[in-house]
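Below, all heavy atoms of this structure are taken into account, side chains as well, without hydrogens, waters or symmetry copies. The structure presented is a predicted model; accordingly, all values stated were derived computationally and were not measured. Just so it is clear: chains get the letters A, B, ... in the order the sequence lines come, proteins before strands, and each one is counted from 1.
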Amino acid sequence: MIQFTVEDRDGTRQMLDVPEGFSLSLMEVLKGSNYTVLATCGGMALCATCHVQVLAGLDSLPPAQDAELDMLDTLPDSDFDSRLSCQIRVDERLEGGIFRIKGAEQ
Amino acid sequence: MITTDICIIGAGPVGLFAVFEAGLLKMRCHLIDALPQVGGQLSEIYPQKPIYDIPGYPAINAQTLVDNLMDQIAPFHPTFTLGERVETLEKQDDGSYVITTSDGTAVRCQVVVIAGGLGCFEPRKPDIVNLEQFEGRGVAYMVKNPEQLRDRRVVLAGGGDSALDWTIFLADIAREVTLVHRSDTFRGAPDSAEKVFELAQEGRINLVLQSNITSISGNGHLNQVSITAKDKTVTSLPADNLIPLFGLTPKLGPIADWGLNIDKSAISVNTTDYATNVERVYAIGDINTYPGKLKLILCGFHEAALMCQSAFKYVYPSQKLSFKYTTVNGVPTF
């Protein structure tokens with residue numbers, strides 16, 4: 001099991017357990033866990049509605065690729081710890097991480 | 001006025017394939033797309049990427065799929081309005097519809113099919129309470145005519161390429177240019193970023209880094225913006241124009257005002273025939289939603305086929321529909 005924490009827009013935190021070996025993005029796991037994540041573009045780093053802030057564990061994540069960086073650059077509310085959850089594969093590197101949901105609700 | 005049987009909004013793969021399914025039932029189609037070319041996301045965003053889940057193709061290049069779809073529907077002579085965004089939907093007394101675009105093109109049709117994919121891309125707006133109140137009164141999300149900014153005090157916000165480019169361009173035109181960026185670095189084109197730092201050093205622009213615009217005010221027209229720095233200090237700056245440049249984000253656009261049931265930026269449909277809550281209006285492909293929805297091209301193709309079987313009754317109200325296989329009947333053209 002991979003365990004990490006998700007903070008919703010209202011500040012409530014919940015620990016998620018994801019079995020190892022599932023090839024899912026963090027965005028897909030968030031949607032599957034009933035968080036309101038629009039993910040309009042379906043995971044192509046185009047809409048930024050799956051924007052998360054990585055409050056813990058940023059350094060252990062694989063670095064963002066150009067498409068993700070370009071998109072983050074255009075956001076009014078992104079910061080050094082911002083990522084697009086659709087571009088993060090859920091694997092052991094997320095263990096212990098804390099992710100705050102930032103993307104637009106509608 | 002263009003007259004057709006089915007007006008398809010969106011010329012992506014699903015909209016294109018709907019022409020084929022409609023054609024088999026002798027229904028003519030006109031397609032409208034906001035993009036200047038057909039193919040939707042496939043042509044615009046990932047033309048050279050291979051797609052692996054199109055039945056019968058172990059792998060197919062996205063643009064090749066679009067080209068093949070165009071070949072497949074050619075016998076049905078679809079017509080196109082490209083580079084125009086749909087605006088209004090008006091029901092006529094006989095039940096048909098007239099759709100009008102941003103450029104005034106009007107299409108009269110018996111059935112409307114929304115195959116709009118992600119929707120259309122609109123400027124992303126920063127979180128400033130009364131921002132919309134000043135739209136057209138000093139606030140704009142793009143620079144249409146730089147001459148209108150001559151001798152004005154212009155504030156730009158953003159850190160992407162377009163924010164950098166316009167800062168450099170307007171430095172020679174506007175009376176005062178201020179660029180506000182949340183970070184202290186720019187990931188945009190290194191040349192442009194260097195030029196912006198140079199202009200700031202020469203005192204030709206104001207560069208306000210690690211800051212966000214948090215409020216704006218004015219009396220009818222914008223005249224001041226307030227900027228909050230990372231250390232929470234707030235400064236106010238007189239400004240005639242504010243141009244937030246935070247990229248584009250997909251939105252439903254004017255379709256959102258057509259009285260359709262919308263669930264999280266997607267159009268709710270009945271899975272029997274992908275009809276919306278508005279009679280004669282269907283939604284297929286990525287733009288619709290229903291329990292179990294998968295945003296896959298192949299699912300959109302399936303939805304197109306079922307939609308056409310249902311739309312037939314509006315185009316040919318006095319005829320009975322009999323289903324025929326193309327292997328038996330070939331492709332009857334018109």
Side-chain angles (χ1 to χ4, degrees), chain A residues 8-11 22-25 27-55 58 63-87 100-106, chain B residues 41-42 44-46 49 62 116-128 131 141 157-164 180-189 193 210 212-214 230 244-252 256 262-266 285-287 289 293-297:
Chain A
D8 210 345
R9 295 175 186 81
D10 62 3
F22 270 79
S23 177
L24 289 174
S25 71
M27 174 273 280
E28 289 161 328
V29 170
L30 293 175
K31 275 178 83 102
S33 310
N34 293 319
Y35 284 100
T36 318
V37 176
L38 284 181
T40 312
C41 76
M44 289 189 292
L46 284 177
C47 67
T49 52
C50 69
H51 177 195
V52 293
Q53 232 178 316
V54 187
L55 303 180
L58 182 67
Q65 302 293 303
D66 283 351
E68 181 182 352
L69 290 174
D70 284 349
M71 182 49 63
L72 287 170
D73 243 358
T74 67
L75 287 182
D77 59 346
S78 75
D79 216 327
F80 72 96
D81 54 359
S82 286
R83 293 293 303 261
L84 297 180
S85 59
C86 71
Q87 301 300 304
R100 176 188 284 162
I101 296 175
K102 292 275 282 183
E105 266 182 283
Q106 50 185 327
Chain B
Q41 289 172 51
L42 275 61
E44 181 72 6
I45 296 160
Y46 53 99
K49 276 199 179 175
L118 295 175
C120 41
F121 284 76
E122 294 184 3
R124 185 182 286 112
K125 300 176 183 182
D127 195 13
I128 301 172
L131 189 68
Y141 305 98
D161 282 336
S162 61
L164 294 171
V180 182
H181 180 38
R182 57 170 167 77
S183 160
D184 57 358
T185 54
F186 293 97
R187 273 192 296 244
Q210 295 198 303
N212 282 307
I213 294 171
T214 41
K230 209 176 181 184
L245 295 167
F246 294 115
L248 301 172
T249 184
K251 290 266 159 125
L252 271 182
I262 308 252
D263 176 18
K264 290 179 191 155
S265 300
D286 283 0
I287 204 151
T289 186
K293 169 71 182 177
L294 278 183
K295 289 186 181 184
L296 290 178
I297 294 172

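A donor-acceptor pair under 3.5 Å links the side-chain atoms of B:R182 to the main chain of A:S78, judged by distance alone.
For the atom pair NZ of B:K264 and OG1 of A:T49, the computed distance is 12.0 Å after rounding to the nearest 0.5 Å. Taken from CZ in B:R124 to CG in A:D77, the straight-line distance is 8.5 Å, to the nearest 0.5 Å.
Of all the heavy atoms in B:P250 and A:T40, the pair that sits closest is CG-CG2, 4.1 Å. Closest approach of A:L38 and B:S265 over heavy atoms only: CD1-OG, 4.3 Å.
In this structure, chain B has no heavy atom under 4.5 Å from any part of A:A45. Contact annotation for A:L75: both backbone and side-chain heavy atoms come within less than 4.5 Å of a heavy atom of chain B. Only the side chain of B:K295 comes within less than 4.5 Å of a heavy atom in chain A; its backbone stays farther off. If you measure heavy-atom distances from B:S183 to chain A, you find no contacts under 4.5 Å at all.
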Could you walk me through whether B:L118 and A:C47 pass the side-chain contact (heavy atoms from CB on, under 4.5 Å) test, one step at a time? CA-CA 9 Å; B:L118 295 175; A:C47 67; over 6 Å; no
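Heavy-atom pairs under 4.5 Å with chain B peak, among A:C41, A:G42, A:A104, at A:C41.
Within 6.0 Å of NZ on B:K125 lie more than 12 heavy atoms contributed by other residues, nucleotides or ligands. The number of heavy-atom neighbours closer than 6.0 Å to CG of A:D81, taken from other residues, nucleotides and ligands shown, is above 12.
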